[in-house]
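Since the structure comes first, as structure tokens, the remarks are kept for the end.
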Amino acid sequence: MRKSTLFLLMLFLPLACGAREVVLSGSATIGPSQRPAVNLDVTLLDPPGLPGSHVKTDQSGRFEMRLDLPEGRSLTTTNMVLRLEGRGVHAMNIIYQNCDLTNSNRCDEEAINLPLLTAKEAPDSPGLSGIPRIPHGEYGLILSPYEILPPNKPVQIDTRLFASTMRRAINSHLNELGAKPDMQDFGRLPLVDILTIDEPLGSVSFHRRRIIGEESGAIAVIGGLGEWKNREGQEQISLTTDFLLMPPAPSDSPLMIEIRDPGLPVEQFASLELASKLSPLWKRYSLIALAKWELNRARQSGDQAAVERIYAYVVEERSRLSGEEQARAAELKRLLTHIEEARQP
Amino acid sequence: MIRHLHILLLIIGSLTTFSAQAGEQIVGEFRPGMPQGREVLAHVPVKVLIAEFIDPQATGLGKSLSYMLWREALTAVHDQRGAGIIYAHTAGDTPLVNLLRQDYHLAAQEIARGQKSRIVMWGAVAEERGQVYIDSYLTLLPELIGESLTLSLENEGRPLPGFSTEISRSRYGFTQVRYPRDRLFRRAVIIRTGAKLRQRPSREAPVVNSLPANTALQAVDMHGAWFKVELEDGSKGWLNIDQLDIPPRTTRVHRNGINIRSGPGNHPVLRNANLRGEYPVLDRRFVPGKGVWYQLQFSWGKGWVAAFLTQPRFTLPAIQFLAGLQRYQLKNYREAAAAFGRFVAESQDQGSNVNLAAALALQGSSLLMRDVGSRKAQEAIMRATALTPYDPLVYNLRMLSALYARGASPGQRSEQMVSDLEQSLELDPRNPRTLTLLKALVALSRMEEPEYRALRHSFWIKDSARERLDALQKRHLDERQL
């Protein structure tokens with residue numbers, strides 16, 4: 001049985017000359033038992049900014065979202081993104097592509113199943129020795145060694161060199177974002193460090209990674225797998241990286257992002273070219289992680305200037321997206337919405 | 001211990017027959033807070049500073065490459081009055097900044113600020129397995145740039161109040177460029193006023209030969225400020241960069257019916273050809289009344305072509321971008337547009353969408369400053385919008401380009417302008433420039449300023465656009481004031 005299937009019931013009212021209401025409803029369940037997901041936050045990320053695009057699931061796990069479409073605003077579902085999150089479950093972004101709202105008022109109903117996130121899941125590695133602690137007031141990512149498949153291949157990625165390369169690339173990116181004239185008054189976002197650990201995390205549980213993130217105080221925990229291949233005499237490694245964004249508030253859920261870097265020549269892992277060959281999502285999600293933590297800090301300390309600064313950085317990050325990155329744009333829009341809430345006096 | 005700052009004066013402009021640009025070197029050791037000595041090229045309005053690229057492996061490539069980039073930048077703006085390029089470096093093998101103690105980028109900015117240079121180019125170079133990797137950046141200093149990189153609309157020579165927007169960021173990071181080590185310094189160099197060929201890269205080394213002015217040679221390598229050159233007889237020696245002109249590495253030509261001549265200017269035509277491709281530059285001359293000419297290497301031999309028919313290429317596409325920024329600030333919009341166009345052409349395959357969009361936006365702005373109704377400007381800005389559709393800046397530019405758009409009715413223009421403002425404010429509702437544009441459009445729609453009334457025959461706002469504009473005003477201006 002598929003772990004997650006998507007059922008959405010969408011009632012689409014005929015397009016009228018004026019404003020109109022679109023109703024979106026569905027149901028969510030939790031874990032293998034598929035019990036109803038109660039009091040989950042359900043948010044429509046893309047298209048962004050529509051009134052009524054945030055609701056909660058009820059006692060039976062159902063939700064109903066009434067969207068107020070302004071006059072002249074059309075709605076397509078080719079790239080609609082729905083986000084579900086709540087305490088104790090693995091947050092999910094659902095990109096829905098199969099509902100045709102232009103020709104019908106109804107879509108097939110599917111159920112969204114969210115994996116459990118609970119302390120009852122058994123950790124598969126004993127102890128927490130060797131986990132560095134990021135100093136209070138600083139921000140860092142934890143990078144673990146990649147496990148290379150197949151296991152008998154004598155190929156290794158130098159984790160420290162990799163960390164050094166990405167540290168430079170991420171901070172250079174942050175500096176570039178912060179270089180607009182109207183940001184000069186706010187100062188720069190703090191830099192991000194990357195600390196390495198010896199324990200590979202490519203095949204450990206989600207719970208274990210979360211524990212490492214909480215113990216270290218990291219804003220993200222990075223680990224993954226590398227698949228070795230020989231293509232026409234050239235050795236290549238394809239990386240699949242799990243980028244676990246740690247929430248600043250312990251009661252919130254982490255967010256797991258998968259980043260793929262296919263077909264990297266082995267020699268590039270010891271090369272100055274490496275950073276330019278890796279996916280831009282490394283830099284993007286580092287910024288998102290940093291922005292969430294900085295926003296949390298700024299809110300708690302009442303630092304409005306820091307809130308404005310984060311807002312400016314995220315706007316600048318989004319301004320660099322290409323037209324194909326609609327889902328990423330929606331993600332950043334949601335972050336901006338949170339920041340906007342903090343900007344209100 | 002604080003060392004004295006040494007300033008070497010090298011005013012190239014006065015030593016060439018056609019160069020209007022000026023170049024100087026400043027040599028010293030930077031420390032935060034230390035006085036930098038006098039400002040060089042104080043008479044030049046738009047200065048760029050190239051800071052010696054950092055060289056983490058201490059191979060000496062940082063200094064050599066930076067010298068070369070400095071001279072290429074001078075070549076790129078050789079005909080531009082008011083443009084100056086300063087090269088900041090340290091003597092000998094000492095790096096510009098002790099990286100253990102200081103931030104290189106901040107150091108480069110401080111030096112540029114001290115020299116009142118509006119833009120600083122900086123970067124890093126490293127070598128690995130026979131390949132050289134170059135990372136380059138431009139930082140623009142807002143306090144010195146001021147309003148010189150904005151697009152402002154006028155009507156009959158008078159500014160339209162509120163209809164302006166910034167067109168540039170403060171920092172650009174360019175795609176890493178890679179060269180085989182043995183090709184990096186392989187290029188033509190031309191002796192300017194006679195030079196001594198030396199046995200080693202040092203002024204104290206024995207002289208091997210004396211070479212006359214206008215001798216074109218092939219450089220094969222570089223060490224510090226010295227090029228290693230190869231003569232036709234196969235012998236080699238060293239020439240200091242101070243004695244040389246550095247033409248572009250290659251130049252692209254894409255034209256039909258070009259006269260290829262036996263010499264620069266009015267020399268006999270060797271053949272008339274349709275040229276498509278990129279050709280190595282072997283020599284460069286200025287002919288009074290005829291401009292600059294390049295001698296190019298073709299598959300069948302050599303010949304001279306008028307430079308204005310070609311598109312020169314340098315070591316880094318960033319040099320074109322830099323030249324474009326300088327020319328724009330000096331209001332040479334035609335050449336600025338050409339420079340940004342060359343950057344786009346060079347970076348098409350490997351450039352980031354962000355830099356390509358920036359160059360297209362700058363190209364479009366340059367074209368608009370020459371001709372407010374320019375269709376090519378609108379096309380460039382449209383391409384920029386397609387590349388970065390979440391950037392409020394491109395919608396601001398597109399809004400301005402719509403005001404005088406040819407082929408559009410006044411009502412269509414107003415619809416487009418309101419749509420662009422809606423997009424821009426959706427992306428960043430608090431951008432002060434966008435809010436200013438909104439105020440200006442509201443005022444224009446009501447013809448509130450005398451300058452706007454001059455447009456009453458070419459601009460009017462449709463009812464549907466007015467309703468949307470009123471909604472924008474209510475949401476973004478009126479409610480903010482409350």
Side-chain angles (χ1 to χ4, degrees), chain A residues 47-50 70-73 164-165 168-169 171-185 188 191 265 267-268 270-277 280 283 307-308 311-312 314-326 328-333 336-337 339-340 343, chain B residues 56-57 103 105-106 124-129 131-135 137-143 145-146 149 166 168-173 175-178 350 352-358 385-395 419 422 426-433 464 467-468 471:
Chain A
L50 291 176
E71 183 184 341
R73 183 85 180 265
S164 170
T165 299
R168 200 175 320 119
N171 289 308
S172 182
H173 181 68
L174 292 176
N175 284 340
E176 209 163 297
L177 293 179
K180 285 184 78 172
D182 50 2
M183 290 186 187
Q184 302 305 309
D185 295 335
R188 296 282 170 86
L191 299 182
E267 61 266 19
Q268 273 185 355
S271 163
L272 300 159
E273 270 189 307
L274 180 62
S276 63
K277 299 297 182 190
K283 299 174 199 168
V307 175
E308 295 293 333
Y311 183 85
V314 179
V315 166
E316 180 63 20
E317 176 71 22
R318 185 179 59 175
S319 76
R320 292 162 179 249
L321 294 176
S322 68
E324 288 81 29
E325 298 180 274
Q326 294 176 32
R328 307 292 170 211
E331 202 165 34
L332 290 172
K333 171 67 180 177
L336 284 167
T337 302
I339 301 172
E340 273 284 0
R343 286 171 95 196
Chain B
Q57 299 158 319
D103 184 312
H105 172 220
L106 291 180
V125 60
E127 184 178 351
E128 190 177 84
R129 296 192 196 101
Q131 299 289 322
V132 176
Y133 299 91
I134 307 169
D135 292 298
Y137 303 88
L138 291 180
T139 296
L140 283 60
L141 303 179
E143 68 273 28
I145 292 284
L149 283 172
E166 63 195 2
S168 170
R169 293 191 156 88
S170 286
R171 178 169 151 169
Y172 297 93
T175 305
Q176 189 180 67
V177 173
R178 183 177 68 168
Q350 67 264 10
S352 73
N353 67 311
V354 175
N355 287 341
L356 282 173
T385 311
L387 283 168
T388 52
Y390 300 101
D391 185 2
L393 174 70
V394 293
Y395 294 103
S419 291
E422 282 173 336
E426 171 75 22
L427 291 167
D428 187 3
R430 297 201 183 197
N431 187 303
R433 290 274 188 183
S464 54
E467 284 179 30
R468 288 156 59 202

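On a predicted model such as this, the values are computed, not experimentally measured, just so you know. So that the names make sense, note that chain A is the first sequence line, chain B the second, and so on, each numbered from 1.
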What closest approach, in Å, do A/Glu340 and B/Pro429 show between heavy atoms, and which atom pair accounts for it?
OE2-CG, 3.9 Å
So does A/Arg320 get a backbone contact from the side chain of B/Asn353, meaning a donor-acceptor N/O pair under 3.5 Å?
yes
Do A/Glu316 and B/Arg169 meet the salt-bridge criterion of a basic N to acidic O distance under 4.0 Å?
yes
If you look at every heavy atom in B/Pro389 and A/Leu321, which pair is closest and at what distance?
CD-O, 3.4 Å
Cut-off 4.5 Å, heavy atoms of chain A, and the answer for B/Ala386 is backbone
Between B/Arg468 and chain A, with a heavy-atom cut-off of 4.5 Å, which part of the residue counts as in contact: side chain, backbone, both or neither?
neither
Provide the closest heavy-atom pair for B/Asp428 versus A/Val315 in the form atom of the first, atom of the second, distance.
OD2-CG1, 3.9 Å
Rounded distance (nearest 0.5 Å) linking atom CG of B/Leu427 with atom CG of A/Leu336
9.5 Å
Quick check on A/Glu317 against chain B: is it the side chain, the backbone, both or neither that has a heavy atom closer than 4.5 Å?
neither
Heavy-atom contact with chain A under 4.5 Å, split by part of B/Arg178
side chain
I'd like to know which of B/Ala357, B/Gly173, B/Pro392 tops the heavy-atom pair count under 4.5 Å against chain A.
B/Gly173
Determine whether B/Glu128 and A/Glu267 satisfy the following criterion, side chain to side chain contact (heavy atoms under 4.5 Å, CB included), listing intermediate values before the conclusion.
CA-CA 11 Å; B/Glu128 190 177 84; A/Glu267 61 266 19; over 6 Å; no
Ignoring hydrogens, what is the shortest heavy-atom contact between B/Arg171 and A/Asn175? Give both atom names and the distance.
NH1-CB, 3.3 Å
Is it the side chain or the backbone of B/Leu387 that comes within 4.5 Å of chain A heavy atoms, both, or neither?
backbone
Test side chain to side chain contact (heavy atoms under 4.5 Å, CB included) on B/Tyr133 and A/Ser276; report intermediate values, then the result.
CA-CA 11 Å; B/Tyr133 299 91; A/Ser276 63; over 6 Å; no
Quick one: pull up CZ in B/Arg430 and CZ in A/Arg343 and give me the separation to the nearest 0.5 Å.
4.0 Å
Minimum heavy-atom distance A/Gly323-B/Tyr390, with the two atoms named:
O-OH, 4.5 Å
